There are 2 protein chains.
Amino acid sequence: MLTAKRHALIIEQLHKQASVTIQELVNLMDASESTIRRDLSELEKKDLLKRVHGGAMRINDTHAEPSYQEKVGQQTREKQKIAQVAADQLNDFDVIYLDAGTTTHAMIPYLKDRNITVITNGLMHLPELERYQIRTYLIGGQVKHKTGAIVGTVALKQLNAYHFDASFIGTNAIDERFGYSTPDPEEAEIKHKALLQGKRRFILADETKLNTKSSYQIATLNEATFIVDKLSKSMRTRLEKQTTVKVAKS
Amino acid sequence: MLTAKRHALIIEQLHKQASVTIQELVNLMDASESTIRRDLSELEKKDLLKRVHGGAMRINDTHAEPSYQEKVGQQTREKQKIAQVAADQLNDFDVIYLDAGTTTHAMIPYLKDRNITVITNGLMHLPELERYQIRTYLIGGQVKHKTGAIVGTVALKQLNAYHFDASFIGTNAIDERFGYSTPDPEEAEIKHKALLQGKRRFILADETKLNTKSSYQIATLNEATFIVDKLSKSMRTRLEKQTTVKVAKS
DNA sequence: ATCAAAATCATCCAAAAACAATCATAAAGT
DNA sequence: ACTTTATGATTGTTTTTGGATGATTTTGAT
């Protein structure tokens, strides 16, 4: 039997079983002990299993889908709640703009099987969008490697060519008077433009962003519906004088 | 038996089996070991299977996660050579178009520290481009998740907004009469448009693509300089009647 | 806890299998 | 006629394999 095939079989076996003995493998594949031992050594070197006396054990770091698992781990419950509320604003067949960033990222699982088309400037969204087989258009322009977003004048111009049923924009700060803001002027421009191209307009933030200001304004409060995970009663009253507010039910 | 028929049979077999031994194939097709070995080598070069000691394995098309690292590993010496020749055509401060695909991917390391700006439709290039800190612009448009490329009418239109000092395009096939071609009509259009927007125009292919045709024409021979790793004397003579040819020194 | 038997182990070796490279021949293409 | 391509045999080299060896770990009985 082919070496590669034996390796595949061993891994498959460990997928079912959590552990195998050398003898099991010898019988299964009709190879000598020596051969199986060698196989296990090699597979261990590749971190595909853990050798133990008498056989091998499955390694349990869910190497299957690391990027997804990792990100879910990082995704706080707050962002999940915000994403849920944002997703409630969607209709089937909507064409939406999804801003770069982790808060909007959490919305992606909710888009599944709803025939929604996504336009985005966030490269970080692409693997997840592929995972759920969502039709996706990327804004063109300069790649900001550090943040994985598309920015710049080209991107700004390209946004003119699109119109969305709804825009979902993340923000770094929200202040009662200064409105929504972010530390990067280029991103502020993009976010504002993308917001305006949407028929229904949403800005997402978690409560830690309340009553903070960054240098560059994205939009004033009245330009979008504000979605947040938690909000004090008094703050809510004051904000609602200027805009619509959606709060996650806790 | 025809070479092409053997190749088709091998692929078919791997479609059923995940792995085959050379002996199995020898019996199946009544050809010598030498011949089968050659077949496997060629098919591996085309990324249609993976050779292993004793036979070959199916290539796992579910490029879920390890795709990036793996592909770098799979970068054949041939592609390296082609990339080297292509890189020789560059000037410092050039603005170039880099087509999606593995052959053009191999060029990226050569762009380092030359103040070159890259415009591309290939999402697979981005990690590598970031690694070498190369200024990058992405064409906007529909994301073709399966291949990691940007395609469609939007992308086509966006290309109008750019002009390049040089375009580097990959091809699936090159035929003396039909010119360069590829199996996907959308990609063919993008490739052609991107080629035309370049002042200096290059099409890259390895020798396995010689004398083959795909359904959709990218360009005629005279529209670009042809870069290849290997070329017979007579073929070279014939091609040079229609276009400029650069061959890697072996 | 201690010991001895049994099981498992790493290492080494020689035979077998698979390999790349080369050659001569034959077939196909120009 | 001449080149290019495809093929199968041969060569010497490399990789894989299974068994032998003695060391190490586990087991179970004391």
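Letters go in sequence order (proteins before strands), and every chain restarts at 1. Worth saying up front: this structure is predicted, and the values here are computed from it rather than measured.
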Q: Less than 4.5 Å apart, any side-chain heavy atom of A/L138 and any of A/L126?
A: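 The answer is yes; the side chains approach within 4.5 Å.
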Q: What is the distance, to the nearest angstrom, from the CE atom on B/M1 to the C1' atom on C/dA27?
A: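 Roughly 17 Å, once rounded to whole Å.
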Q: Name the nucleic acid region contacted by A/S41, choosing base, sugar-phosphate or nothing; use a 4.0 angstrom heavy-atom cut-off, strictly under.
A: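 Result for A/S41 = nothing.
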Q: For the base of D/dG19, is there a side-chain donor-acceptor partner from A/S34 under 3.5 Å away?
A: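 Check passes, donor-acceptor contact within cut-off.
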Q: Using whole Å, report how far CD of B/E24 lies from P of C/dA18.
A: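 Whole-Å distance recorded here is 11 Å.
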Q: Can you tell which of B/K5, B/R6, B/K46 makes a salt bridge (charged side-chain N to carboxylate O under 4.0 Å, His left out) with B/D39?
A: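 Per the salt bridge (charged side-chain N to carboxylate O under 4.0 Å, His left out) rule, the option paired with B/D39 is B/R6, out of B/K5, B/R6, B/K46.
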Q: Side chains of A/R37 and A/S41: closer than 4.5 Å at any heavy-atom pair?
A: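 With C-beta onward as the side chain, the pair stays apart.
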Q: Tell me: CG of B/L210 to P of D/dT4, nearest whole Å?
A: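 After rounding, the reported distance stands at 14 Å.
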Q: Would you kindly give the CZ-to-C1' distance between B/R38 and D/dG8, to the nearest whole Å?
A: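 Interatomic distance, CZ of B/R38 to C1' of D/dG8: 8 Å.
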Q: With respect to the side chain of B/H53, which nucleotide from C/dA18, D/dT17, D/dA9 is positioned closest?
A: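 In terms of side-chain proximity for B/H53, the closest of C/dA18, D/dT17, D/dA9 is C/dA18.
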Q: Taking CD1 from A/I36 and C1' from C/dA7, how many angstroms apart are they, rounded to a whole number?
A: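 From A/I36 CD1 to C/dA7 C1': 17 Å.
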Q: When the distance from CG of B/D39 to C1' of C/dA18 is rounded to whole Å, what number comes out?
A: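 Atom CG in B/D39 sits about 17 Å away from atom C1' in C/dA18.
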Q: Rounded to the nearest angstrom, tell me the gap between atom CG in B/N211 and atom C1' in C/dA28.
A: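 After rounding, the gap between these two atoms is 14 Å.
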Q: Side chain of B/I22 only, heavy atoms from C-beta on: which candidate in C/dC19, C/dC9, D/dG8 is closest?
A: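 Of the candidates, C/dC19 comes closest.
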Q: So, is A/R37 near the phosphate of C/dC12, with a side-chain N or O under 4.0 Å from OP1 or OP2?
A: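 No.
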Q: Regarding B/V26, tell me which of base, sugar-phosphate or nothing describes its non-hydrogen contacts under 4.0 Å with the strands shown.
A: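 If one applies the 4.0 Å heavy-atom cut-off, B/V26 turns out to touch nothing in the nucleic acid.
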Q: Would you indicate, yes or no, if D/dT17 has its OP1 or OP2 atom less than 4.0 angstrom from a side-chain nitrogen or oxygen of A/R6?
A: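 Result: yes.
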Q: With B/F202, which of B/Y97, B/F164, B/F168 fulfils ring pair (Phe, Tyr, Trp, His ring centres under 6.0 Å)?
A: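 Passing option: B/F168.
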Q: Mind calculating the distance between CG (B/L40) and P (C/dC19) to the nearest angstrom?
A: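 The answer, rounded to whole Å, is 8 Å.
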Q: Charged N to carboxylate O under 4.0 angstrom, A/D229 versus A/K81?
A: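 Between A/K81 and A/D229 there is no salt bridge, as every charged N stays at least 4.0 Å from the carboxylate O atoms.
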Q: Picking from C/dA18, C/dA20, C/dC9, which would you name as closest to the side chain of B/Q23?
A: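 Nucleotide nearest to B/Q23's side chain: C/dA18.
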Q: Within the 4.0 Å heavy-atom criterion, would you say B/R238 contacts the bases, only the backbone, or no part of the nucleic acid?
A: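 No contact.
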Q: Identify which nucleotide among C/dA18, D/dG8, D/dT17 has an atom closest to any side-chain atom of A/T3, counting heavy atoms from C-beta outward.
A: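 Between C/dA18, D/dG8, D/dT17, the one nearest the side chain of A/T3 would be D/dT17.
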